[in-house]
Chemist: 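Pasting a structure here, questions to come.
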Amino acid sequence: MMSQDPSLSVSDPKVLLAALLRQALMAVVPQYAHLPLTLERPKAASHGDWASNIALQFARQIKRNPRELAQELVREITPHPWVAKVEVAGPGFINFTLAPAAKNAVVPQVLARGVRYGAGESTGRRILVEFVSANPTGPLHVGHGRGAAYGAALSDVLAFAGHTVEREYYVNDAGRQMDILALSTWLRYLERFGIRVPFPSNAYQGRYVIDMAATIAERHGDRFARVRAEDVLAGTPGEPDPERTDPQAVEQRERHLDQLIANAKCLLGEDYAWIHEFALAEQLGDCRDDLAEFGVRFDRWFSEKSLYDTGMVERAVETLKQRGYLYEQDGAWWFRSTDFGDDKDRVVRRENGSYTYFASDIAYHWNKYERGYDLMIDIWGADHHGYIPRVRAAIQALGLDPEKFEVALVQFAVLYRNGEKVSMSTRAGEFVTLRQLRAEVGNDACRFFYVLRKCDQHLDFDLDLAKKQSNENPVYYVQYAHARICSVLREWGGAMEDLREADASLLTSEPALALCVRLQAFPEVVQAAAAERAPHHIAFYLKDLAADFHAWYNVERILVEEEPLRLARLALAAAVKTVLATGLGLLGVSAPESM
RNA sequence: GCGCCCGUAGCUCAGGGGAUAGAGCGUUGGCCUCCGAAGCCAAAGGUCGCAGGUUCGAUUCCUGCCGGGCGCGCCA
C-alpha cells in the first residue's frame, strides 16, 4: 500500500503527505504509528494547503503535550521537493504548504486521463438504484422530476466513483390505482357516446384521460360503449355531498368507485383488460419518453404484475407465514413488523383475499436480494418515510441482510414564480407536470436546479431564476466557463495532443495554482458525493471550479506570445474544460461549446 | 399525540468536533484599445432558533424546548 520511499512515484500531494506523516509517526511514537491519519484542507490560506490535527487528537492517549508532539513530528518529516513548508500552528496543528510543482502537476494528469479523470477504481460492488417508480396513472409532476434528477445523478456519480450500477423503475401495474385509471378512461370514453355516468371525484380528473378516451374512440368506435348508464351505476352507493370530508363520506366515495370498477369488469369482460392495458401502455410510454427527454434512463422497468404472475408474492407471504411472522385477524393476514421495531403490524393479505401493495413490495425486495446486489438504494418521496420500518422489517423477517438496503428520501420541490408559490393540487388535477417545467426552463436548468440541494432539504425552485440566461443563473455560470474555454481553444486552433507535452511547471501565479488545487480536489469530491449519496457536492464543486477559472482568466491572458507559456496555460484551460464537462455530464447537464 | 426532515447573512442555501463560519442572489462602488463583461475585483451584511450537557475545543455530537414542512389506511 504505502510506498517505502514516498519521494518516488507519487502523483497526489495528499498521498505524499500522508506517507510523510506516517513515517514521522513511526519515528516518534512507533507504538501509535497505526493511528488513522487525518489530513484536511484548511479554510484559511495562511494555514497552508493541508493540515493535520493528529497531534491534537492523540496527545492525550499518547500522554504528550500536543504542540511538543507536533514539533517533534515536524522535525522527523523528510524534506521533499513538493513540500515548501511544514509548521506547527495554533494549539498543535501541523500545516503543510505545497510547492507550486505539487499543484500544477495535476494538469498533465487531467489531460492524460481525459474524461476518466476523477473516476474511481472499480470496486466490484454491484449497486441497484431504484427511483421515480411513479404510478403510471398520469403524467410525471415536478416532484417526480426531483426524484428522477436525483436518482440519475446519484447513479452516475456512484458509477463514476467505481461501482457497478443498475438503474431500475418499479412499475405499479397491478394495483387498484391502475383499475381507477382504466375506469376513468372508460367513463370519459362513454361520455363521448352520450352515456352519462357522473364522473367520480376520486377518479383521475386530468385532461390526459379525456385524450386517451378520444384515441380509443377513434380506433375502435363504440365497441366499448354498448352499455347503459344504469348498468354502470348498478349497486353503487352514490357519491356523498362533495363538501363532506368526514370518514364516512370518504369511505362511501371509495366504495362507490370500487363498485364502478367491479361493474366495468363485469360489463366489459375481456375488453376491460384491453382498456386497462391500453391506459397502462399509454401512460408508461409517456412517462418513459418524458424521462428519456430529461436524460434519465433505466436499465430495467420492473413490473409489479410480474411478481404476481410468477407467484413471487404468494411465495413471499407463505415464507413469512412459515417463519411464524404472520397471524390472522379480522379475516386478514398481518405481518408482525412490530417484532422489528415498526409502530404497528401491517396487513399483507386483505379480508377479501387480495394482497396489499406492501405484500408485492416484500416480494419485490426479496427479488432484488435474490439478484445478488451488494447494495440496494431506494429513492422515495419524503411522504413515504413511514414505510421504511415495515420494509426493513420484512427484509429481516426473510433472513436477509438489512445493511444492504438503503432508502434516500427526497423532500418536496416547491415552485416559485414572481416570488410566489405556485399552487398545486393533485385532487383537482392542477399540478405542474415535469414536461411543463422542462418546456419552461429547459432540461439543463431543471437538472441542475433539482440537484442543487441535498435530497433531504426542501427545494425552492425559482422558475424566474432558472429561466434567466444571465450570471444570476448558476447553470449558465458553469456552462459559460466551458463555452469560454472552447472559444479560446478555437481561437488558438491547435491540437489537444500538443497540450499533453506542455510544461505545466510554468504555471506559478496564485490564481493559476488555486485553479490547479481545485482540479486536484475533483476525485475527492466524486468520492464524497458517492459515499454521502450527495450529488449536490458535484454541483457546488462545478460552481467553485468555474469561479476559479473566471478569476484566473481575468488576470492572465492565455494566448500569449511565448510558445511554452501559451501551451502551459492552454493546457490548464483544457484541463478545466475536461473536468467541467465530466462534472456537468454526471448531473445530466450539457456542456455547450458555445452559447 | 407519535415518527422523519429542516431552523446558518435581507433572500435561497453550502459546510461541519478545531484555528478569522462560506457561496450565489440582492445592495453599494470599481474593471472591456486586450482570448466571450453570460465575466472579474472590492465593500457591507451573522448571538449558526433557544437552553442545558459531553469535550482541551461545539455552529457541528447528545437531551429538552420553540418554530416550519411532511407523514402516521385491509391507498399505492
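Given the structure is predicted, the values throughout are model-derived calculations rather than measurements.
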Chemist: In whole angstrom, give me the gap between the P atoms of B:C75 and B:C13.
Modeler: 36 Å

Chemist: Set out, line by line, the N/O atom pairs under 3.5 Å between protein and nucleotides 17-22 of chain B.
Modeler:
| from | atom 1 | to | atom 2 | distance (Å) |
| --- | --- | --- | --- | --- |
| B:G18 | N7 | A:Asn53 | ND2 | 3.3 |
| B:A19 | OP2 | A:Lys43 | NZ | 3.3 |
| B:A19 | N6 | A:Asn95 | OD1 | 3.3 |
| B:A19 | N1 | A:Asn95 | OD1 | 3.3 |
| B:A19 | N1 | A:Asn95 | ND2 | 3.2 |

Chemist: Are any non-hydrogen side-chain atoms of A:Lys368 and A:Asp378 less than 4.5 angstrom apart?
Modeler: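 They are in contact (side-chain heavy atoms under 4.5 Å apart), so the answer is yes.
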
Chemist: Please answer whether the main-chain N or O of A:Thr137 pairs with a side-chain N or O of A:Asn135 as donor and acceptor at a distance below 3.5 Å.
Modeler: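 Between the backbone of A:Thr137 and the side chain of A:Asn135 there is no qualifying donor-acceptor contact (under 3.5 Å).
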
Chemist: So does A:Tyr477 get a side-chain nitrogen or oxygen closer than 4.0 Å to the phosphate oxygens (OP1/OP2) of B:C40?
Modeler: yes

Chemist: Given atom CH2 of A:Trp552 and atom P of B:C34, what is their separation to the nearest angstrom?
Modeler: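 For the pair A:Trp552 CH2 and B:C34 P, the rounded distance is 19 Å.
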
Chemist: Round to a whole Å and report the spacing from CD1 of A:Ile388 to P of B:C4.
Modeler: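 Between P of B:C4 and CD1 of A:Ile388: 10 Å.
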
Chemist: Which word best sums up how the rings of A:Phe358 and A:Phe335 line up, parallel for under 30°, tilted for 30 to 60°, or perpendicular for over 60°?
Modeler: tilted

Chemist: Enter the distance from A:Glu563:CD to A:Leu570:CG here, rounded to the nearest 0.5 Å.
Modeler: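 Result: 9.0 Å between the selected atoms.
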
Chemist: Ring centres of A:Tyr480 and A:His550 under 6.0 Å apart?
Modeler: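 Yes, ring centres under 6.0 Å apart.
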
Chemist: Of the non-hydrogen atoms in A:Ser52 and A:Thr38, which two are nearest, and what is the gap between them?
Modeler: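 Result for this residue pair: OG-O, 2.8 Å.
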
Chemist: Could you work out the separation of B:G18 and B:G10 based on their P atoms and round it to a whole Å?
Modeler: 24 Å

Chemist: Give the dot-bracket line for RNA chain B from 5' end to 3' end: parentheses for intra-strand Watson-Crick or G-U pairs under 3.5 Å, square brackets for crossings, | for inter-strand pairing, dots for unpaired.
Modeler: (((((((..((((....[...)))).(((((.......))))).....(((((..]....))))))))))))....

Chemist: Identify the heavy atoms of A:Ala502 and A:Leu567 that sit nearest to each other, and give their distance.
Modeler: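 Of all heavy-atom pairs spanning A:Ala502 and A:Leu567, the closest is CB-O, 3.5 Å.
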
Chemist: Can you tell me the distance, in whole Å, between the CG atom of A:Asn554 and the C1' atom of B:C40?
Modeler: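 For the pair A:Asn554 CG and B:C40 C1', the rounded distance is 4 Å.
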
Chemist: Could you walk me through whether A:Asn202 and A:Glu254 pass the side chain to side chain donor-acceptor pair (under 3.5 Å) check?
Modeler: CA-CA 8 Å; A:Asn202 46 356; A:Glu254 298 305 317; 3.3 Å; yes

Chemist: Could you label the plane-to-plane angle of the A:Tyr327 and A:Trp334 rings as parallel, tilted or perpendicular, counting under 30° as parallel and over 60° as perpendicular?
Modeler: parallel

Chemist: Taking the side chain of A:Leu409 as heavy atoms from C-beta outward, which of B:C13, B:C35, B:C4 is closest to it?
Modeler: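 Nearest listed nucleotide: B:C4.
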
Chemist: Under the 3.5 angstrom rule, does the side chain of A:Arg417 hit a backbone N or O of A:Leu415 as a donor-acceptor pair?
Modeler: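 No, A:Arg417 side chain to A:Leu415 backbone: no donor-acceptor pair under 3.5 Å.
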
Chemist: Looking at every strand, decide which applies to A:Ala573 at a 4.0 Å heavy-atom threshold: base, sugar-phosphate, or nothing.
Modeler: nothing

Chemist: Give the B/S/- string for nucleotides 71-76 of chain B, one per nucleotide from 5' to 3', where a protein heavy atom under 4.0 Å of the base yields B, of only the sugar-phosphate yields S, and otherwise -.
Modeler: S--BSB

Chemist: Roughly how many Å apart are B:A14 and B:G24, using the P atom of each and rounding to a whole number?
Modeler: 16 Å

Chemist: Run the salt bridge (Lys or Arg N to Asp or Glu O under 4.0 Å) check on A:Glu524 and A:Arg41 step by step: do they pass?
Modeler: CA-CA 11 Å; A:Glu524 296 163 36; A:Arg41 299 175 189 274; 2.8 Å; yes

Chemist: Want to settle it: does A:Leu489 or A:Glu532 sit nearer the 5' end of RNA chain B, counting the closest nucleotide to each?
Modeler: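 First, find each residue's nearest nucleotide; the 5'-ward one identifies A:Glu532.
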
Chemist: Using a cut-off of under 3.5 Å, enumerate the N/O to N/O pairs linking the protein to nucleotides 5-11 of chain B.
Modeler:
| from | atom 1 | to | atom 2 | distance (Å) |
| --- | --- | --- | --- | --- |
| B:C5 | O2' | A:Asp456 | O | 2.5 |

Chemist: Aromatic contact between A:Phe93 and A:His47, with the criterion being ring centroids under 6.0 Å apart: yes or no?
Modeler: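 Centroid distance A:Phe93-A:His47: not below 6.0 Å, so no.
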
Chemist: Counting N and O atoms only, with roles assigned by atom type, does the side chain of A:His482 sit under 3.5 Å from a partner on the main chain of A:Pro592, one being a donor and the other an acceptor?
Modeler: yes

Chemist: Rounding to a whole Å, what distance do you find between A:Ile54:CD1 and B:C56:P?
Modeler: 20 Å

Chemist: Taking any heavy-atom pair under 4.0 Å as a contact, classify A:Met178: base, sugar-phosphate, or nothing.
Modeler: nothing

Chemist: Determine the interatomic distance between C1' on B:G49 and the same-named atom on B:A58; round to the nearest Å.
Modeler: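 The same atom, C1', in both gives a distance of 16 Å.
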
Chemist: Within 45 degrees of the axis of the six-membered ring of A:Phe412 and under 6.0 Å from its centre: does A:Arg146 put its NZ or CZ there?
Modeler: no

Chemist: Say we look at B:A43 and B:G7: how far apart would their P atoms be, to the nearest angstrom?
Modeler: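 One P to the other, the span is 28 Å.
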
Chemist: 5'-most contact on RNA chain B: A:Ala534 or A:Cys486, nearest heavy atom basis?
Modeler: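 The residue whose closest nucleotide sits nearer the 5' end is A:Ala534.
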
Chemist: Between protein and nucleotides 41-44 of chain B, what N or O pairs are separated by less than 3.5 Å?
Modeler:
none

Chemist: Across the strands shown, which category fits A:Ser594 at heavy-atom distances under 4.0 angstrom: base, sugar-phosphate, nothing?
Modeler: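 If one applies the 4.0 Å heavy-atom cut-off, A:Ser594 turns out to touch a base.
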
Chemist: Give me the distance, rounded to whole Å, that separates B:U20 from B:C48 when you measure between the P atoms they each carry.
Modeler: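 Between the two P atoms, the distance is 14 Å.
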
Chemist: Can you tell me how the ring of A:Tyr308 sits relative to the ring of A:Tyr355, calling it parallel under 30°, perpendicular over 60° and tilted otherwise?
Modeler: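 Ring orientation of A:Tyr308 relative to A:Tyr355: tilted.
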
Chemist: Once the angle between the rings of A:His384 and A:Trp380 is folded into 0 to 90°, is it parallel (under 30°), tilted (30 to 60°) or perpendicular (over 60°)?
Modeler: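 A:His384 and A:Trp380: tilted rings.
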
Chemist: Apply side chain to side chain donor-acceptor pair (under 3.5 Å) to A:Gln177 and A:Tyr204, showing your working.
Modeler: CA-CA 9 Å; A:Gln177 295 306 318; A:Tyr204 288 104; 2.7 Å; yes

Chemist: How would you label the glycosidic angle of B:C40: syn (within 90° of 0) or anti?
Modeler: anti

Chemist: As a test of understanding, state which of A:Tyr169, A:Tyr364, A:Phe131 forms a ring pair (Phe, Tyr, Trp, His ring centres under 6.0 Å) with A:Phe302.
Modeler: A:Tyr364

Chemist: Whole angstroms only, please: what is the CG-P distance between A:Asp544 and B:G15?
Modeler: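 Between P of B:G15 and CG of A:Asp544: 12 Å.
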
Chemist: Is any NZ, NE, NH1 or NH2 atom of the basic residue among A:Arg569 and A:Glu556 found under 4.0 Å from an Asp or Glu carboxylate oxygen of the other?
Modeler: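 Here A:Arg569 pairs with A:Glu556 in a salt bridge, since their nearest N and O are under 4.0 Å apart.
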
Chemist: Measure from CE on A:Met595 to P on B:A37 and round the result to the nearest Å.
Modeler: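 Between P of B:A37 and CE of A:Met595: 13 Å.
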
Chemist: Please state the C1' separation for the pair B:A38 and B:U47 - nearest whole angstrom.
Modeler: 39 Å

Chemist: Set out, in order, the CA-CA distance, both residues' side-chain angles and the distance that settles side chain to side chain donor-acceptor pair (under 3.5 Å) for A:Ser201 and A:Glu239, then state yes or no.
Modeler: CA-CA 8 Å; A:Ser201 58; A:Glu239 278 209 84; 2.9 Å; yes

Chemist: Using atom CG of A:Leu570 as one end and atom C1' of B:C35 as the other, report the distance to the nearest whole Å.
Modeler: 9 Å

Chemist: Give me the distance, rounded to whole Å, that separates B:G17 from B:A21 when you measure between the C1' atoms they each carry.
Modeler: 14 Å

Chemist: Going by heavy atoms closer than 4.0 Å, what residues in residues 555-564 of chain A are next to RNA chain B?
Modeler: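 Residues of residues 555-564 of chain A under 4.0 Å from RNA chain B: A:Glu556, A:Arg557, A:Ile558, A:Leu559.
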
Chemist: Rounded off to whole Å, could you give me the CG-to-P distance for the A:Asn473 and B:G26 pair?
Modeler: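 Result: 12 Å.
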
Chemist: As a quick check of understanding, evaluate side chain to side chain donor-acceptor pair (under 3.5 Å) for A:Asp444 and A:Ser590, giving each step before the final call.
Modeler: CA-CA 6 Å; A:Asp444 284 345; A:Ser590 69; 2.5 Å; yes

